[in-house]
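Here's the structure we're looking at; comments come further down.
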Amino acid sequence: MATLNHSLLHKRPRREGLFPRKTGGIDTLLRLPAVWLRRAGQRQQLRREIGSDPERLQRLELDIGLPPGTLRREMAKPFWI
């Protein structure tokens with residue numbers, strides 16, 4: 001039996017950061033607004049769903065093992081960070 005040992009099978013997915021890795025110039029500039037829009041939408045949803053209820057926010061942080069205040073700081077971040 002032959003085994004698959006192709007280099008594409010061993011690559012890890014890219015992390016999303018401020019700038020995509022191994023790209024540059026116009027490619028980066030064209031992708032950046034999409035990343036910013038996604039972040040802005042995620043933070044707006046977080047504020048809408050749990051931001052108005054401090055008790056729920058605290059319970060959620062405890063349930064998922066985050067230090068107190070983590071979600072509130074995340075909600076307050078600007079979209080470019």
Side-chain angles (χ1 to χ4, degrees):
M1 230 185 200
T3 60
L4 293 176
N5 195 13
H6 195 272
S7 64
L8 291 177
L9 296 175
H10 301 289
K11 291 193 177 194
R12 291 183 286 149
R14 278 195 210 178
R15 285 184 335 189
E16 179 190 309
L18 182 59
F19 296 102
R21 282 195 250 168
K22 294 186 181 178
T23 60
I26 194 75
D27 219 25
T28 299
L29 291 176
L30 292 175
R31 291 179 190 181
L32 203 50
V35 171
W36 287 350
L37 283 173
R38 188 171 48 253
R39 288 177 185 162
Q42 289 169 344
R43 290 181 182 142
Q44 183 180 28
Q45 182 181 3
L46 187 60
R47 285 190 295 270
R48 186 175 49 247
E49 291 179 3
I50 62 172
S52 60
D53 187 357
E55 290 176 10
R56 184 174 178 206
L57 190 64
Q58 186 178 16
R59 280 193 317 270
L60 183 61
E61 287 173 335
L62 288 173
D63 284 348
I64 60 178
L66 293 174
T70 302
L71 292 176
R72 185 143 325 267
R73 281 189 302 276
E74 186 66 29
M75 288 187 290
K77 282 184 180 180
F79 64 87
W80 59 85
I81 295 178

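Numbers here simply count residues along the sequence, with the first being 1. Hydrogens, waters and symmetry mates play no part in the numbers below; they use all other heavy atoms, side chains included.
A distance of 5.5 Å separates CG of L60 from CG of L71, quoted to the nearest 0.5 Å. Taken from CG in L46 to CZ in R72, the straight-line distance is 9.5 Å, to the nearest 0.5 Å.
R43 places a side-chain N or O within donor-acceptor distance of the main-chain N or O of P78, the cut-off being under 3.5 Å.
Under the side chain to side chain contact (heavy atoms under 4.5 Å, CB included) criterion, R73 pairs with T70, not counting sequence neighbours.
More than 12 non-hydrogen atoms from other residues, nucleotides or ligands lie less than 6.0 angstrom from CD of E74.
Sequence neighbours left out, not one pair with a member in residues 48-69 passes salt bridge (charged side-chain N to carboxylate O under 4.0 Å, His left out).
Between M75 and the options R47, Q45, Q42, a side chain to side chain contact (heavy atoms under 4.5 Å, CB included) holds for only R47.
Cluster annotation: L66 is connected to L57 through the hydrophobic network of ILVMFWY side chains, with a link wherever side-chain heavy atoms come within less than 4.5 Å.
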